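Numbered from 1 within each chain, the chains take letters A, B, ... in sequence-line order. Keep in mind that this is a model prediction, so the values were computed, not measured.
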Amino acid sequence: MMMIDKLAYSSPWRYKSTHLKSCFAIGTLLICVAVRSFLVSSVILALMGCLTVTYSQASLSRYGKMMLWPLGFLMLGTIAVFFDVAGEPMGLLHVAIGSKYIVMLTESLAYGARLILVSLASVSCLYFLILTTTMPDLMDGLKRLHLPWLVIELMTLIYRFIFVLLDSALAITTAQNCRLGNRNLRTSIRSMGGMLAALFIQAMGKSSALFDSMEARCYEGRIRVLTEHRPAAKKEVLLVAAYLTGLLALAVFCHMKGGL
Amino acid sequence: MERKRTIVRAEDLHYTYEDGTQALKGLDLTVQKGEKVAVMGANGSGKSTFFLHLNGILKPQKGRILIDETPIDYSRKGLLQVRKKVGIVFQNPEDQLFSASVRQEISFGILNLGVSEKEAEEKVDRVIEELGITPFAHKPTHFLSGGEKKRVSIADILVMEPELMILDEPAATLDPKHARMIDGIVDQLSGKGITVLLSTHDAERALIWADRVVLFDDGKVIGQGHPEDIFRSEELLRQTNLEKPAVLRIFDTLCEEGILDHKLRPPRRVEELMGYIREKGIKQL
Amino acid sequence: MERKRTIVRAEDLHYTYEDGTQALKGLDLTVQKGEKVAVMGANGSGKSTFFLHLNGILKPQKGRILIDETPIDYSRKGLLQVRKKVGIVFQNPEDQLFSASVRQEISFGILNLGVSEKEAEEKVDRVIEELGITPFAHKPTHFLSGGEKKRVSIADILVMEPELMILDEPAATLDPKHARMIDGIVDQLSGKGITVLLSTHDAERALIWADRVVLFDDGKVIGQGHPEDIFRSEELLRQTNLEKPAVLRIFDTLCEEGILDHKLRPPRRVEELMGYIREKGIKQL
Amino acid sequence: MTRSKTERYLFIAGVVVALFFGPMAVSNAMHIMEGYLPLGYCVLWGAVCVPFFIAGLFSIKRTVTQHRKTLILLVMMGAYVFVLSALKIPSVTGSSSHPTGTGLGAVLFGPASMCVIGVIVLLFQALLLAHGGLTTLGANTFSMAIAGPFLAYGVFLVCKKLHAPKSLGIFLAACLGDLFTYCITAVQLAMAHPSPVGGFTASLAEFMGIFAVTQIPLAVIEGLVAVVVMKALESY
């Protein structure tokens, strides 16, 4: 759990400009989602895969496993796209169920396959971003985009306390398991209920303690902290710009060719 | 005349967390039934990881653990068996207590053992009595003080009547009064014949209490033996950043200065040292 | 030749929490500038409540507090003034650290003082250097060890350059290595002329470090003075459940036995006592 | 932290708990994956959420200027909801399900402010767990942080009006909130990917059918957990 967070902090590209990495990943993502092309998605998947494995701490096998997580959902979700219900037999395959037929059409098969590919390529863009960029950097980036300060403050604090509460939740669960709290489904549900209730109480207690300690440091309703800015090298900016233009051109070409 | 039984035998344990932290790097340790063992070492030296191995919460990636001379069976049933024998009291009661009421909290483990409600109730009442929890047994757990929470968290485990009890820094963060109260409870446990494995940073306390001190460093045992011997080994103390207890430091100085005799058994308590000095004083007269 | 300035003067403080707990019951205390004061007492004796009064987080229901010889002004502006002078390092860093980034965390307080970003940056960097935070300054707070978190939480306050620093059990739960590191940092603070008020349960440490020990009990100060005197008062020790530090116990025995001279200054450290013994040894020759 | 403060929170929590699990849907599978929706739909759902989000921001700003501490409470609520979503809930098959509980505290802070927290939690889920995605953030927000919680809250109120036992109300709120979230998700998917044969309705029926198999047992279990939590909190 939370491996992604851990890996981001040791990525060799951690200290590259956040904006540049975001432009690169999100630009690619948008192009990918917009054109939904076989060719473009394959290119993106290959490129992002190589970059992520090379420039993040995720090894090839771990990266492969991480790509398998979404595949589960994709398979499940896409069953509905692969198959259709029709009144008469048609398409590549058909199975009669009562008076209706479950059919698989060539176009649905192509549509579904493309959906999976586009989705995987998009996920690879997301992975690239989150495996090379740490959360505080991303939040700094959002700050520079002038997102409302309230949202940034909420994000900063929530991110920090996710770990505090997660540690508590895991510790309580471990302690429960030591006392056989997971011996069957009934005890498991009871244990989890108790843990969540205790965690809620702890969270409330912590909010008081945190507020006091922030007040003690002259908190006046706005969180002001130093932000780190790492400007991108000109060469890198040009490279990314050229890449995005190239990808866009390829996308437009594929689109004109009827969604290659 | 039976030979002492071994309750824990850990052989060449290796464990690496998912994130790559190597917590155990070939750890060997044997604990006899009825022993009082103090485990010492820096934070991060593998103590807690080791404890979680002893009741099968973690499974070694290499090596094996024998509880009561049988290897841990990691099936659901086998684990229930082991967790019945080996109880762990966690350092921070906040990580352990999750019920609203003290009685409910204490009954959780024993009920999970499949004991009847009636029997569980009797045992819970007995433990509440024994550990002096009665005065606050009716209070909601989250209103208890640190020392009270600690006692409840020990009761949690004690009620399950384990053969081996593991306490992770039981007296940390408590004030002297409550720390001494917990020390008393720990003594009570060994008195009952329960084997106690306890981690602590308090050398003075380990010197007084333990049959054996085990030093952990970097996922391995780097030394073990009688506390007097361990705490007089400058080498081991340096390696583990421990300070020699004041009693031993002063005793050694008094020996060097010829005031006390080298051949005396090193004292564990200030009282013993004072006894030596007084005896010496009488001889001087 | 100027007379020592008083930095804190608390007069007859009373405070009762909403739930009816009377935490302070007429507490008086004065702290001089530059002093090193150890506050000791059971949990629940009012130490933390008192600390929260010193920078106006809590407001006494009766009595008053003077900081730098002016009563605390509880207006918004007045409070900022006080909190600039009085910094509190909370016992549990998890309750204090709010940011995942160490630099952001440390910069929070100083930027609240209205300092320019540039100046803040310099000060943050200096403190990071001073407290040896550099090796983990780039790590997110949730990956830091307990000792590292503690150092960051001290840096949080130190960067604001307070005149008085309050530390609530700074070394609790740390292993000996990190505890000693924190002790070193505390010494560093007093070295800089910052007045330090520290709560602890560790009598040995208080004996070595403090200029003055203040004993709290039930919301009042029941005794204060030089640590050697306080820790030799059987009456006070009993009332607060403290144990006499081993050095003093042995010293007293050696005096009683006529091995050491009653008129010697009671030793604070084992080394001092050993010095006395060695000197004596030489005289014996 | 004083005791009576805790008690007050706990009292409110007892009421809030229904919402807790209201929209608490749900497994991994409930989040629409990155790239799964065409760009047009991403924008559409995003746009639908914007008014809720802005209203939420204003509402938070209003409360925070009066009580600064509310911000910290919201933070804890957000972190709590995220932690819920990152934990595995026990289930029969051994497969895991992730309660999202984005409606938590809707009563305490108003549903609108919980929408803001919901967006942040969903963003963190995408960025830290790779559940959901950036382009599908709008669609996921609508189903999990807006539709589900509102329905759960409604169900809870109706049950209360009908004087149904509290635990039944909570069970239904949690369970139906969960199921409603998945219905909305199915609608979103069917709109984006209509069947070439039967169009939107046929596609919707298929998506619903597939999710029903996986989601109904989970919704029931999550409803049960919600009841256990509520009982536990009440007795605190």
Engineer: Under a 4.5 Å heavy-atom cut-off, does chain C meet the side chain of A/M139, its backbone, both or neither?
Structural biologist: neither
Engineer: So which part of C/I110 gets closer than 4.5 Å to some heavy atom of chain A, the side chain, the backbone, both or neither?
Structural biologist: neither
Engineer: Using a cut-off of under 4.5 Å on heavy-atom pairs, state which of C/S99, C/A100, C/G87 scores highest against chain A.
Structural biologist: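 Maximum pair count with chain A is reached by C/S99.
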Engineer: Would you compute the distance between atom CG of C/D168 and atom OG of A/S213 and round it to the nearest 0.5 angstrom?
Structural biologist: 12.0 Å
Engineer: How many angstroms lie between OG1 in A/T134 and NE2 in C/H138, if you round to the nearest 0.5 Å?
Structural biologist: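 The distance works out to 11.0 Å.
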Engineer: When rounded to the nearest 0.5 angstrom, what distance separates CE in A/M214 from CG in C/D156?
Structural biologist: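 It is 10.5 Å, given to the nearest 0.5 Å.
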Engineer: How close do A/L226 and C/R103 get, heavy atom to heavy atom, and via which atoms?
Structural biologist: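 Closest heavy-atom pair between A/L226 and C/R103: CD1-NH2, 4.3 Å.
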Engineer: Using non-hydrogen atoms only, which part of A/Y219 is less than 4.5 Å away from chain C: side chain, backbone, both, or neither?
Structural biologist: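 For A/Y219, backbone and side chain are both near chain C.
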Engineer: With no hydrogens and no angle check, do the side chains of A/E215 and C/N55 hold a donor and an acceptor under 3.5 Å apart?
Structural biologist: no
Engineer: Within the supplied structure, the quantity of interest is the number of heavy atoms (other residues, nucleotides, ligands) at a distance under 6.0 Å from C/F143 CZ; does it exceed 12?
Structural biologist: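 Yes.
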Engineer: Considering only heavy atoms and a distance below 4.5 Å, find which of C/A120, C/P162, C/P140 pairs most often with chain A.
Structural biologist: C/P140
Engineer: With a 4.5 angstrom heavy-atom cut-off, could you sort out which part of C/L97 is near chain A: side chain, backbone, both or neither?
Structural biologist: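 It is both, since atoms from each part get that close.
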Engineer: Could you check whether C/H142 and A/D5, counting side-chain N and O atoms only, form a donor-acceptor pair closer than 3.5 Å?
Structural biologist: yes
Engineer: Using non-hydrogen atoms only, which part of A/R14 is less than 4.5 Å away from chain C: side chain, backbone, both, or neither?
Structural biologist: side chain
Engineer: Does C/D95 reach the side chain of A/L210, with side-chain heavy atoms less than 4.5 Å apart?
Structural biologist: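 C/D95 vs A/L210: side chains apart.
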Engineer: Between A/K206 and C/E94 (salt bridge meaning N to carboxylate O under 4.0 Å), is one present in this structure?
Structural biologist: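 Looking at C/E94 together with A/K206, the answer is no, because their closest N to O distance does not fall below 4.0 Å.
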Engineer: Select one option (side chain, backbone, both, neither) describing which atoms of C/V124 are under 4.5 Å from chain A's heavy atoms.
Structural biologist: side chain
Engineer: Check whether C/F108 gets within reach of chain A through its side chain, its backbone, both or neither, counting any heavy atom under 4.5 Å.
Structural biologist: both
Engineer: Please find the pair of heavy atoms, one from A/C218 and one from C/K84, that lie closest to each other, and give the distance.
Structural biologist: SG-N, 4.4 Å
Engineer: Which atoms of A/D140 are under 4.5 Å from chain C, going by heavy atoms: the side chain, the backbone, both sets, or neither?
Structural biologist: side chain
Engineer: Looking only at non-hydrogen atoms, find the nearest pair between C/T141 and A/R160 and report the distance.
Structural biologist: OG1-CD, 3.8 Å
Engineer: So, is the end of the C/K139 side chain (NZ or CZ) under 6.0 Å from the ring centre of A/Y9 and within 45° of the ring's axis?
Structural biologist: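 No; the conditions do not both hold, so C/K139 does not lie above the ring face of A/Y9.
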Engineer: May I ask you to test the A/E228-C/Q104 pair for a side-chain heavy-atom distance under 4.5 Å?
Structural biologist: no
Engineer: Which region of C/I57, side chain (C-beta onward) or backbone (N, CA, C, O), has a non-hydrogen atom less than 4.5 Å from a non-hydrogen atom of chain A, or is it both or neither?
Structural biologist: side chain
Engineer: Tell me, do C/R76 and A/E220 make a side-chain contact under 4.5 Å, heavy atoms counted?
Structural biologist: yes
Engineer: Is it the case that the side chain of C/S101 and the backbone of A/P136 share a donor-acceptor pair, with hydrogens and angles ignored and the cut-off at 3.5 Å?
Structural biologist: no
Engineer: Are more than 12 heavy atoms, taken from residues, nucleotides or ligands other than A/K6, located less than 6.0 Å from that residue's NZ atom?
Structural biologist: yes
Engineer: Walk me through it: do C/F98 and A/I223 pass the test side-chain contact (heavy atoms from CB on, under 4.5 Å)?
Structural biologist: CA-CA 10 Å; C/F98 70 90; A/I223 297 178; 3.8 Å; yes
